[in-house]
Protein chains: 2
Amino acid sequence: MKQPAKLKDVAERAGVSPAAISRFLNGSLLLPEATVSRIEAAIAHFDYRPNPHARRLSLGRSDTIALVLPEIGNPFFAELAAAAEEAASEQGLGVMLFATGNRRARELEYLARLGSSDVDALLFVTNLTDDDGALASAIGRAARVVLLDEDVPGTSVTKVFCDNEAGGRLAARAFLEAGHRRLVYIGGPRDLMSSRERGAGFRAAAREAGLAEAAVTEFYGDYSLAHGRATAEALLADGAPPTAIFASSDQVLLGLLPVFRAHGVRVPADVSLVTFDDVAPLDFFDPPISAIRQSISDMGRTGVERLVALIRGENTPAEILRLPIEFVARASVAPPRGDGKFQENSTWRPR
Amino acid sequence: MKQPAKLKDVAERAGVSPAAISRFLNGSLLLPEATVSRIEAAIAHFDYRPNPHARRLSLGRSDTIALVLPEIGNPFFAELAAAAEEAASEQGLGVMLFATGNRRARELEYLARLGSSDVDALLFVTNLTDDDGALASAIGRAARVVLLDEDVPGTSVTKVFCDNEAGGRLAARAFLEAGHRRLVYIGGPRDLMSSRERGAGFRAAAREAGLAEAAVTEFYGDYSLAHGRATAEALLADGAPPTAIFASSDQVLLGLLPVFRAHGVRVPADVSLVTFDDVAPLDFFDPPISAIRQSISDMGRTGVERLVALIRGENTPAEILRLPIEFVARASVAPPRGDGKFQENSTWRPR
DNA sequence: ATCGCTTCGTAAACCGCTTTATCGAGGGGG
DNA sequence: CCCCCTCGATAAAGCGGTTTACGAAGCGAT
């Protein structure tokens, strides 16, 4: 396996200077037909490709963006990554992938790569809530960062979020229209913007519909199976369980479901359910679960779009974009039963 | 925002030459305490980080690997990406992410990046089956490629696959032990190694158990919802449907399920089901679906491990690794019913 | 013949780091 | 006292592009 050809080799074979080739390739030099074809022949002969490191060093940019995510395996982030990669690739940008695993040190480290021009810009998602200011200031310092999905308070970069509050409202409205009067919201972390906003929208819509404040109960925790499971169990232990539950994420829903099934609680006969995200294959659940869907790929694409604007130097003012949200009606919402109580050991298929 | 400091700045402040700093940082120069602390102070003062492009140009390597996948959103590949990123990161390697979208041209393009030392090595997954030799020869030329999940015939690089055949056998065995005698395998593409091997293992185990050749029917197509759906419908239209179905992937299963549900076919009362991969949240299905599970993260980690060996220049011989497979028993396999026929409009919860 | 304007290029600096000699100073041995 | 070795560095040549600034032809006009 021999060395890849360098500019000099091509230049010699084409009988011109390296500069000529470089300028020709980058469009800063127009050449007559004869020279062009000699150059092209030489390039083809060596299968020449400019050394990217040399190019990047010289140009001072990498044509690469970083995608920083809490984790990659999670379908939500995976879809985000897919959309971002596709959008970036269309712009001729490479994507470096970094998982922080929710470690603050990692987040800061990847942010620092921006400074050394390792990457030209950063698409950043964090769901850590305990920032002592270090993260916010690192982001502020970095420029060319776009925040996705969750906020980092105290930063003024471009941010792309979904309309969490509208989502919460849609969920409440679905329940209210079906006649429910006792609602529960199972949130994620109380300090996380998305979790708070979804709850706020849910609560607001209920109140606007005339429900008393006590009619909607909120449980905060985290976006996890365990939190869903624990809350479901607490709900079952309670004497007067709700007839409608809004899960703040598919993860929470996934925790809920087996508990209900094990106790013979039927969906939607005993309890109506709506979840947020719509990233799990909810169509295939039994019953299919209604969901508030956010377009993750829009988020990824939009993020890249803004990033590209930043890179190209268009001085786009930092702004907060709210992506629209949609209610996907499936079979998990029905009118409440008269007695408003779960029926243990019902005929609903126990596991 | 001022320019990041360069080696020269640090050197001047520390009162030594740039070479000294570089060598010190790379461990090729031992220095007395006093100098060390001056250097460290200077580095801290500037928050100096070596320019990665300059470093890579000089070193001729990028400390970065590429992960080339058909698509990223698919949970299977997402999990693979997560594992690979984690393993790479532990080795101090960055990961560039590329989705080919099953386009041959993309695959070749990303392979070409290896030549220009854009990345040091490639973790490659393809599920295209129509190679005319271009891909195989590009891979052969590339060196420092590890193939994951699916084979590219005619290449002799290191490959990491799961034990598809053993998986097929486990599926058959589960059915046979439950007493089934009419088995169906819904495969993916006939030309894809994984699909073929899973079918072969399934068939072999059935035959070894004494079943007639006609007792197991195979349907090839692709790893898709649509193929699952179509096959399910064909099966239902048939007069003598099987009592046990082995889906070659979760996607296929996901196509199957709604068709059965719509027709009132009960799982496992009417038909027993086993799927392959275990990447969908099968625990949460009703009933939970038994699966052949492959450890995707092992595959990612192992792939990176071999890649690192290649990069470090250890002359590891190219070999084919087969990762173990596991049967995850859930509730979707039961003894067949006497009559061996689906019961239309049964009491099984229709959608 | 000369001026001036295109056209078609080229020379050389530069991007920032790594590394291969090489070198001065100090210390120990003969 | 001199030689040689070790310690503590450094100068300078890459790595392979890009770009700025400049220049040699060629040619029409004066």
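Basis for what follows: all heavy atoms, side chains included, without hydrogens, waters or symmetry-related copies. The model shown is predicted, which means the values in this text are computed figures rather than measured ones. Every chain is numbered from 1 and lettered A, B, ... according to where its sequence line falls, protein lines coming before strand lines.
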Checklist entry - Would you call Arg104(A) and Asp130(A) a salt bridge, taking side-chain N to carboxylate O under 4.0 Å as the test? => result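 Result for this pair is yes, salt bridge flagged.
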Item to check | Pairing of Arg301(A) and Glu86(A) as salt bridge, 4.0 angstrom limit | outcome: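 Here Arg301(A) does not pair with Glu86(A) in a salt bridge, since their nearest N and O are not under 4.0 Å apart.
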Would you indicate, yes or no, if [N] has its OP1 or OP2 atom less than 4.0 angstrom from a side-chain nitrogen or oxygen of [X]?
X: Ser28(A); N: dT19(D); answer: no
X: Asn51(B); N: dC17(C); answer: no
X: Arg55(B); N: dT18(C); answer: yes

Checklist entry - Quick one: does Ser58(B) reach the base of dG14(D) with a side-chain donor-acceptor pair under 3.5 Å? => result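 For Ser58(B), whose side chain was compared with the base of dG14(D), there is a donor-acceptor pair (under 3.5 Å).
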Checklist entry - Between the side-chain atoms of Arg23(B) and the base atoms of dT20(C), is any donor-acceptor pair under 3.5 Å? => result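 In this structure, the two groups form no donor-acceptor pair.
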Next on the checklist: Using whole Å, what does the distance between atom C1' of nucleotide dG17(D) and atom CD1 of Ile43(A) come to?
Outcome noted: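 Rounding to the nearest Å, CD1 of Ile43(A) and C1' of dG17(D) are 13 Å apart.
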Checklist entry - In whole angstrom, what separates His53(A)'s NE2 from dC14(C)'s C1'? => result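 For the pair His53(A) NE2 and dC14(C) C1', the rounded distance is 19 Å.
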Looking across every strand, which nucleic acid part, if any, lies under 4.0 Å from [X] by heavy atom: base, sugar-phosphate, or nothing?
X: Tyr48(B); answer: sugar-phosphate
X: Leu31(A); answer: sugar-phosphate
X: Leu59(A); answer: sugar-phosphate
X: Leu7(B); answer: base
X: Pro32(A); answer: sugar-phosphate

Checklist entry - Cut-off 3.5 Å, side chains only: do Ser62(A) and Asp120(A) have a donor facing an acceptor? => result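 Yes, a side-chain donor-acceptor pair sits under 3.5 Å.
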Item to check | Between Arg141(B) and Ser137(B): side-chain donor-acceptor atoms closer than 3.5 Å | outcome: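 Distance-only check passes for Arg141(B) and Ser137(B).
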Checklist entry - Which comes earlier along DNA chain C counting from the 5' end, the contact point of Ala19(A) or that of Leu30(A), where each point is its nearest nucleotide? => result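 The answer here is Leu30(A).
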Item to check | Residue closer to the 5' end of DNA chain D, Ala20(A) versus Pro4(A) (nearest nucleotide) | outcome: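 With Pro4(A) and Ala20(A) compared, the 5'-side residue is Pro4(A).
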